[in-house]
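Below is one structure, written out as structure tokens, with a few remarks after it.
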Protein chains: 4
Amino acid sequence: MTAAKETSEPLRILDAAIDALAEYGYANCSMQRIADHAEVDKRMLHYYFGDRNGLTVQIAERVGDRLLAGFTSAIEGLSGPREIAAAGFESLWENVVAEPRLHAVHLGLVSAAVTDDSLRAQVARIRDRYSEVILQLAERGRKAGLQLRLNDETLVGLILAGLNGLTVDYLQRGETQELTQSLAEFQSWLMQLARPLADA
Amino acid sequence: MTAAKETSEPLRILDAAIDALAEYGYANCSMQRIADHAEVDKRMLHYYFGDRNGLTVQIAERVGDRLLAGFTSAIEGLSGPREIAAAGFESLWENVVAEPRLHAVHLGLVSAAVTDDSLRAQVARIRDRYSEVILQLAERGRKAGLQLRLNDETLVGLILAGLNGLTVDYLQRGETQELTQSLAEFQSWLMQLARPLADA
Amino acid sequence: MTAAKETSEPLRILDAAIDALAEYGYANCSMQRIADHAEVDKRMLHYYFGDRNGLTVQIAERVGDRLLAGFTSAIEGLSGPREIAAAGFESLWENVVAEPRLHAVHLGLVSAAVTDDSLRAQVARIRDRYSEVILQLAERGRKAGLQLRLNDETLVGLILAGLNGLTVDYLQRGETQELTQSLAEFQSWLMQLARPLADA
Amino acid sequence: MTAAKETSEPLRILDAAIDALAEYGYANCSMQRIADHAEVDKRMLHYYFGDRNGLTVQIAERVGDRLLAGFTSAIEGLSGPREIAAAGFESLWENVVAEPRLHAVHLGLVSAAVTDDSLRAQVARIRDRYSEVILQLAERGRKAGLQLRLNDETLVGLILAGLNGLTVDYLQRGETQELTQSLAEFQSWLMQLARPLADA
DNA sequence: CATGAATGAGCGTTCATTCAT
DNA sequence: TATGAATGAACGCTCATTCAT
């Protein structure tokens with residue numbers, strides 16, 4: 001046995017698959033292409049993941065992991081209320097810019113999920129994880145004295161809608177001036193939703 | 001002879017194709033399926049649209065037409081500044097609720113366009129048409145006395161990002177309470193971006 | 001009615017068809033391509049020529065016409081025995097160089113005829129026309145005092161074999177030095193087959 | 001287990017493909033027909049040869065092998081100059097008579113190559129192999145005392161042109177009297193091109 | 001784990017041809 | 001003559017998947 005295979009083979013394949021999806025798009029990404037991209041025989045995909053659906057499920061899971069990776073750690077040390085509020089969305093957006101291909105794949109999954117039941121569950125799961133982490137942040141913000149005008153679910157809904165909408169813009173047109181301004185506007189709006197007690 | 005063929009055959013097929021895309025999703029919608037859906041022989045698609053790409057281009061064009069249909073007429077009679085501002089986004093959203101399948105198809109096109117060059121142009125065209133109509137609205141608002149804090153392009157960017165983000169939410173989870181609240185929040189934010197002169 | 005259409009429409013189409021065959025090759029030349037090449041609707045082909053086979057038959061006929069056009073006139077005025085012998089093959093070869101595309105089409109027909117019965121008759125007809133004209137030439141040569149060592153059919157066979165073999169070389173590799181020398185050798189051999197009486 | 005699979009499956013298919021090409025002609029020989037002829041599923045052709053072009057390339061290679069098979073061995077033992085000269089062309093022609101279908105396929109490839117670039121390379125390769133083997137023969141003839149009036153390339157050109165031209169005649173009309181005489185004439189011409197030293 | 005071989009189904013596209021006007 | 005529409009049959013190729021070793 002090799003001393004320490006850093007990542008397991010299935011995991012390596014999943015990341016290659018995500019890359020392939022980003023390359024060819026959800027619609028044009030066959031198992032053959034994924035296998036080629038991962039430099040693996042296509043039958044190994046069946047060996048590890050069963051069938052196409054099984055692979056897709058795992059891909060979605062992995063996408064979720066990577067979408068939220070870093071987010072938790074990025075907001076761990078924060079303590080002040082404004083700090084928390086500010087860092088939250090910023091950290092989410094940083095991941096968009098850092099891994100646009102990953103978010104393109106996510107968008108593909110979200111889009112496909114509209115008409116694909118088994119995918120819908122997976123995509124909903126990713127949303128739940130987003131939600132969870134945003135709520136944790138809100139909780140910490142409240143404990144630090146943040147007063148939020150909105151109930152939790154609406155807050156999550158608005159943040160995710162903003163994130164998704166701006167991500168679509170970014171994927172469509174790249175880093176434009178308007179997008180930068182839109183981001184600033186959106187963030188300042190988010191800040192305004194939260195009025196810390198101390199400010200009153 | 002039928003008295004008056006309401007729409008041309010290609011147009012009828014395009015609408016059937018949009019319906020098929022909504023049914024099966026962009027990735028799983030073959031020409032055969034579109035043909036079956038339109039109750040037309042598969043080869044008639046080639047007869048009318050050349051190849052798959054030609055069909056897709058026309059579909060995108062038709063999607064654009066239908067996304068903006070009604071919008072222009074809906075805002076035509078308005079005169080007061082607040083009226084205009086309010087009706088603008090509301091009218092856009094009404095189309096989402098009225099034709100969710102159409103917007104699902106649009107989302108599919110947007111998503112696929114990320115990795116498909118020829119589609120990208122088409123999707124950009126739809127965005128341009130949205131942009132154009134929003135800017136016309138802004139223009140009319142200004143003439144009616146509206147003061148907009150943002151430059152045109154940023155305004156368009158924010159409105160479209162909000163529209164897209166909320167549409168994704170709607171397509172994913174339907175008409176939830178949170179979404180209703182999010183919509184209200186978003187709209188009140190939009191209103192706040194515009195301060196009528198009278199307020200000064 | 002236009003005063004004087006120089007060539008009839010079917011004839012114009014046939015020449016365009018020959019050009020298309022030269023362009024795409026016999027195997028890849030559909031009726032659609034021929035129609036496009038002739039700038040005619042494909043159904044006109046059926047109108048003029050019935051079906052694919054009818055068209056091919058006419059094409060073969062036209063190819064035969066053009067292969068031998070000029071040949072008869074080129075050898076008309078000649079009188080001396082050597083003159084006749086020399087000009088004969090030279091004139092045949094000149095047509096190869098002047099119309100290589102035509103000869104490429106001919107080669108395609110000859111090749112296809114091996115497995116296509118209806119074509120075989122047409123191709124045989126072209127060979128007969130070659131034969132006929134070569135024999136006429138031989139006849140005139142004899143009358144001018146040429147003594148030919150070979151019987152007529154063998155002479156024709158050798159000339160056509162040489163012509164075909166060298167044409168294949170020309171079509172494959174163009175005008176090479178070796179081909180020029182081969183031509184010279186072949187011609188000198190032909191001359192040697194014929195010994196004028198005066199030489200004896 | 002069968003004792004000894006004589007030839008590999010791909011090779012068996014290639015020979016069946018050549019037979020199919022001889023049966024239907026290059027233009028009318030689809031992959032389906034080749035598959036049927038080889039009693040193999042159509043998709044196995046893709047499995048073994050990739051795509052149509054890959055199959056064609058391999059077919060051409062195999063045609064080349066079989067065109068020259070036997071030739072080398074047939075001329076191996078010969079030693080006398082005239083013997084070598086005589087046996088050379090005779091051996092080439094014997095292959096034509098022994099495998100007329102193979103030569104029909106070759107003619108089809110040659111013809112198609114005129115308008116098909118990828119095929120042209122393959123056909124040129126076959127010609128090169130012919131050339132190589134003819135030159136080896138000439139070399140051996142020279143060592144045995146043969147004096148050749150022509151340079152190598154012209155010799156090859158003439159021999160191949162003769163071979164091709166006479167093959168076309170054979171494929172068109174079968175074994176006629178004239179063809180037999182033409183062959184005799186051609187061979188005696190070839191002999192005359194070579195004057196052994198002893199004659200001097 | 002890995003590989004050679006196979007398979008039912010479907011892909012987008014083109015073929016020659018015909019019908020009705 | 002010419003055109004819009006249609007059709008039965010194939011085309012080359014790829015899909016996800018399975019079997020046997």
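Per chain, numbering begins at 1; letters A, B, ... match sequence-line order.
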Can you name the atoms? Protein N/O to nucleotides 17-21 of chain E N/O, anything below 3.5 Å, with the distance.
from: E:dT17; atom 1: OP2; to: C:His46; atom 2: NE2; distance (Å): 3.3
from: E:dT17; atom 1: OP2; to: C:Arg52; atom 2: N; distance (Å): 2.6
from: E:dT17; atom 1: O4; to: C:Lys42; atom 2: NZ; distance (Å): 3.4

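- Applying the side-chain hydrogen bond (donor to acceptor under 3.5 Å, both in side chains) test to residues at least two apart or on different chains, the pairs with a partner in residues 116-126 of chain A are A:Asn53-A:Ser118, A:Glu61-A:Arg125, A:Asp116-A:Ser118, A:Asp117-A:Arg120.
- Rounded to an integer number of Å, the gap from A:Ile34 CD1 to F:dA16 P is 8 Å.
- In this structure, B:Tyr48 reaches the sugar-phosphate backbone alone: every heavy-atom distance under 4.0 Å involves primed, P, OP1 or OP2 atoms, never a base.
- Identified under the side-chain hydrogen bond (donor to acceptor under 3.5 Å, both in side chains) test for residues 105-115 of chain D, with sequence neighbours left out: none.
- One interatomic measurement links the two molecules: CD of C:Glu9 to C1' of F:dT1, which rounds to 11 Å at whole-angstrom precision.
- Secondary structure note: stems in DNA chain F built from 3 or more consecutive Watson-Crick or G-U wobble pairs under 3.5 Å occupy E:2-21 with F:2-21.
- Out of E:dA5, F:dA6, E:dA16, the shortest distance to the side chain of D:Met44 is found at E:dA5.
- Side-chain contact between C:Gln58 and C:Tyr48 is absent, with no heavy-atom pair separated by less than 4.5 Å.
- A salt bridge links B:Glu23 with B:Arg101: at least one charged nitrogen is closer than 4.0 Å to a carboxylate oxygen.
- Take C:Asp15 and apply the side chain to side chain donor-acceptor pair (under 3.5 Å) test, not counting sequence neighbours, and it matches C:Arg62, C:Arg66.
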Practice problem: Decide yes or no on side-chain contact (heavy atoms from CB on, under 4.5 Å) for A:Leu21 and A:Val63, but give the supporting numbers first. | Solution: CA-CA 11 Å; A:Leu21 280 166; A:Val63 166; over 6 Å; no

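- Applying the side chain to side chain donor-acceptor pair (under 3.5 Å) test to D:Asp36 and every residue at least two apart in sequence or in another chain returns D:Gln32.
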